[in-house]
Number of protein chains: 2
Amino acid sequence: MKRVTLKEIGKQLNLSPGTISKALNDSHEIGEETKKMILAYTQQINYIPNFSAKSLKTGRSNTLAIIVPFISSSFFFDFYEDISLILAETNYKLILLQTFNDEKKEKEALELCVQSNIEGIIISPVKNDSSLPLLKYIMDQICPVIIFDRISHQLETFKIGIQNNRIIYQATAEMIKGGRENIILLLCKDIGGNTSRIKGYKDALFNFSIPFKQENVVEISYSSPKDDIDAELESKIGALLNSATPPNALLSSTDTLSLKVLHILHKLEIRIPEDMNLIGFSNTPFANSLNPSLTTIAQPTRLMAEKSVELLLHMLKKRNKKNYFEFETYFLDCRIEHRKSTSSVSAKNETSKRTI
Amino acid sequence: MKRVTLKEIGKQLNLSPGTISKALNDSHEIGEETKKMILAYTQQINYIPNFSAKSLKTGRSNTLAIIVPFISSSFFFDFYEDISLILAETNYKLILLQTFNDEKKEKEALELCVQSNIEGIIISPVKNDSSLPLLKYIMDQICPVIIFDRISHQLETFKIGIQNNRIIYQATAEMIKGGRENIILLLCKDIGGNTSRIKGYKDALFNFSIPFKQENVVEISYSSPKDDIDAELESKIGALLNSATPPNALLSSTDTLSLKVLHILHKLEIRIPEDMNLIGFSNTPFANSLNPSLTTIAQPTRLMAEKSVELLLHMLKKRNKKNYFEFETYFLDCRIEHRKSTSSVSAKNETSKRTI
DNA sequence: CTGAAAGCGCTTACAG
DNA sequence: CTGAAAGCGCTTACAG
């Protein structure tokens with residue numbers, strides 16, 4: 001017994017395959033009676049169409065792709081979930097692809113999209129210029145592309161992200177106002193947004209007349225949250241803590257680093273928030289359950305997802321007049337959610353610090 | 001400019017499309033010289049084949065599917081990641097589908113697999129008998145199916161899971177030995193493994209001559225970790241805590257519930273582990289960073305993933321002699337990872353308890 | 001309102 | 001070693 005095809009259904013019902021096809025696609029060419037009859041039969045035998053044939057014929061797949069560095073990062077995960085939920089309301093299916101911050105994997109992922117007749121792509125690219133020719137080709141020939149989060153990528157299209165410098169400025173300034181002037185900025189190496197983040201950090205220091213110390217910017221290189229960077233992180237943080245002027249605050253730019261640093265500070269018996277104030281980046285869903293609960297910079301993930309889908313669907317609707325778009329970059333606002341890792345217990349320290 | 005096809009490449013190189021196809025598939029029929037020349041040309045123009053055409057012709061897709069209730073649960077997430085990593089070493093691609101514990105969505109997911117010429121399915125089904133006829137049809141006509149985690153499903157195939165009753169017995173017994181006899185068992189409602197879990201719980205109580213109290217088995221109904229069950233959970237746990245004999249231990253059967261209950265116990269100002277010992281189920285990766293660090297029942301996720309892929313590939317190799325398999329169910333061992341939520345601070349309580 | 005026929009872009013048995 | 005041709009299962013312009 002083989003899978004049933006339109007041809008066989010036609011034979012059973014004494015109709016042509018074309019008629020069955022039209023009926024199943026609810027074509028106005030087919031009579032209501034015939035439609036009902038055909039539908040009843042196909043449901044009874046649980047007819048399941050062959051996507052490859054349909055896709056080959058129509059050149060469409062009804063599928064969008066989301067490409068992220070790694071899904072195990074909570075920001076990308078939340079974003080993916082939001083996109084899934086939004087698309088569940090539409091006819092589009094969604095496939096998830098990971099690049100692991102590897103340009104080669106990114107290229108493979110994009111080629112897979114082309115091979116599979118994907119109709120739209122939402123991507124957070126590996127680097128500012130990664131896969132640029134391929135992305136241009138895809139935009140030109142295949143389907144629209146939206147860039148999110150790592151919006152310093154050079155492709156000309158709609159982009160959705162946040163103003164890293166602004167929110168990092170705000171977080172840094174808050175810590176300074178709380179009496180914490182010796183602040184570690186913890187970054188994942190080689191990420192597009194870092195320049196902007198460092199700028200926000202430096203600007204805040206400058207505005208409060210605090211000298212910038214290069215060694216306080218700690219960059220850790222990893223391509224997946226599962227990478228074993230614990231030892232490197234511990235030694236770098238440890239060295240700073242053992243210096244003549246140990247830092248008393250830390251601003252972590254990714255969830256992965258926040259969790260690891262939390263664990264390491266516990267190990268080193270650094271008290272939080274007393275010895276060290278801590279702010280994490282993006283919204284760890286369990287920030288409340290951490291030890292101590294973690295103050296975070298919450299990204300507007302849901303809004304970003306909504307805007308991404310909206311723009312992608314917008315481009316899909318006008319897919320025939322590609323060159324008429326005025327591409328824009330959207331910056332969405334973050335906000336700081338205060339929890340115990342930056343508790344105002346530090347008020348005491350504030351005065352003491354100021355006298356030093 | 002359209003996407004380039006084998007036909008056009010053939011025209012460019014004065015060869016037939018068939019020859020190009022054979023060369024790209026490294027057929028022995030084609031001369032080495034010709035192969036090299038063709039490969040050089042297709043790489044230069046970055047030829048990307050059309051999967052739909054290939055899949056339609058061959059009936060294959062080189063793609064496996066993993067179907068889980070929801071990916072936002074850390075056990076399913078870890079399992080998915082492990083499967084991804086293992087398959088990255090093979091030629092198979094992987095698609096992820098979620099059912100949200102909804103039989104209708106499960107049916108849709110399975111139908112999508114059939115439509116897409118998926119070559120193998122690894123599924124944790126919604127219920128013991130969900131999609132049974134469709135799954136049987138798929139096993140019979142389409143591709144092999146492996147069941148994991150929720151292995152009480154009725155489909156006859158290879159299954160990989162854990163012995164819920166045994167590990168719950170062990171965790172319950174440990175708590176009792178630590179002087180905690182009034183133990184809440186927290187379950188996600190309508191999950192196949194619950195019967196087995198409750199059995200392990202009851203057996204442990206029985207062996208230590210502790211009467212079973214039905215009200216201590218708390219079942220919460222949710223279909224996604226994002227469902228808002230906080231109020232229900234808080235009221236149920238709160239009621240037990242306000243009773244004449246408040247529980248002093250809690251065994252949570254899912255990560256989702258562990259995190260929520262941790263948050264709720266903080267709110268209710270219950271001290272952990274002093275007032276309440278806590279054991280979570282499956283391996284929350286950040287168990288160490290929680291407040292307090294959480295003792296967990298760690299599932300052998302990686303092993304389960306490896307065994308699942310191994311069995312699936314085994315069935316794929318012998319796909320022509322379907323009926324010769326001797327299906328087995330594999331039970332992998334869990335272990336308890338002790339952290340502070342069950343700290344031996346309770347030793348004091350132990351004696352006091354025993355005198356009551 | 002229904003059908004016959006062409007064709008989407010591949011692969012592959014077959015012929016030479 | 002290379003090519004001609006059929007065909008996978010759909011959809012759709014066209015004819016009637």
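Everything numeric in this text was worked out from a predicted model, so none of it was measured. The sequence lines fix the lettering, A, B, ..., with proteins before strands; numbering per chain opens at 1.
- Atom NE2 in A/His28 sits roughly 10 Å away from atom P in C/dC1 (whole-Å rounding).
- A/Ser27 comes within 4.0 angstrom of nothing in the nucleic acid, heavy atoms only.
- If you find the closest nucleotide of DNA chain C to B/Lys22 and to B/Leu56, the one lying nearer the 5' end belongs to B/Leu56.
- Side chains of A/Ser55 and A/Asn117: a donor-acceptor N/O pair is present below 3.5 angstrom, by distance only.
- Across all strands shown, A/Thr5 has heavy atoms under 4.0 Å from sugar-phosphate atoms exclusively, and none from any base.
- Judged purely by distance below 3.5 Å, without hydrogens or angles, the side chains of A/Glu81 and A/Ser84 never pair a donor atom with an acceptor atom.
- The residue B/Ser55 sits apart from the nucleic acid: no heavy atom pair falls under 4.0 Å.
- A residue-by-residue look at B/Pro17 and B/Ala53 shows that B/Pro17 has its nearest nucleotide of DNA chain D further toward the 5' end.
- D/dA13 makes up no base pair with any nucleotide shown, lacking Watson-Crick or G-U wobble contacts both under 3.5 Å.
- Nucleic acid contact for A/Thr58: sugar-phosphate only, since backbone atoms but no base atoms lie under 4.0 Å from a heavy atom of the residue.
- Residue-level contact check: B/Gly18 touches the bases, meaning some heavy atom is under 4.0 Å from a base atom.
- Residue contacts shown for A/Lys57 include a base, since a base heavy atom lies under 4.0 Å away.
- For the pair B/Ile30 CD1 and C/dA13 P, the interatomic distance rounds to 14 Å; values are reported in whole Å.
- Atom P of nucleotide D/dT2 and atom CD of B/Glu32 are separated by 11 Å, given to the nearest angstrom.
- If you take CZ of A/Arg60 and P of D/dC10, they are 18 Å apart, rounded to a whole angstrom.
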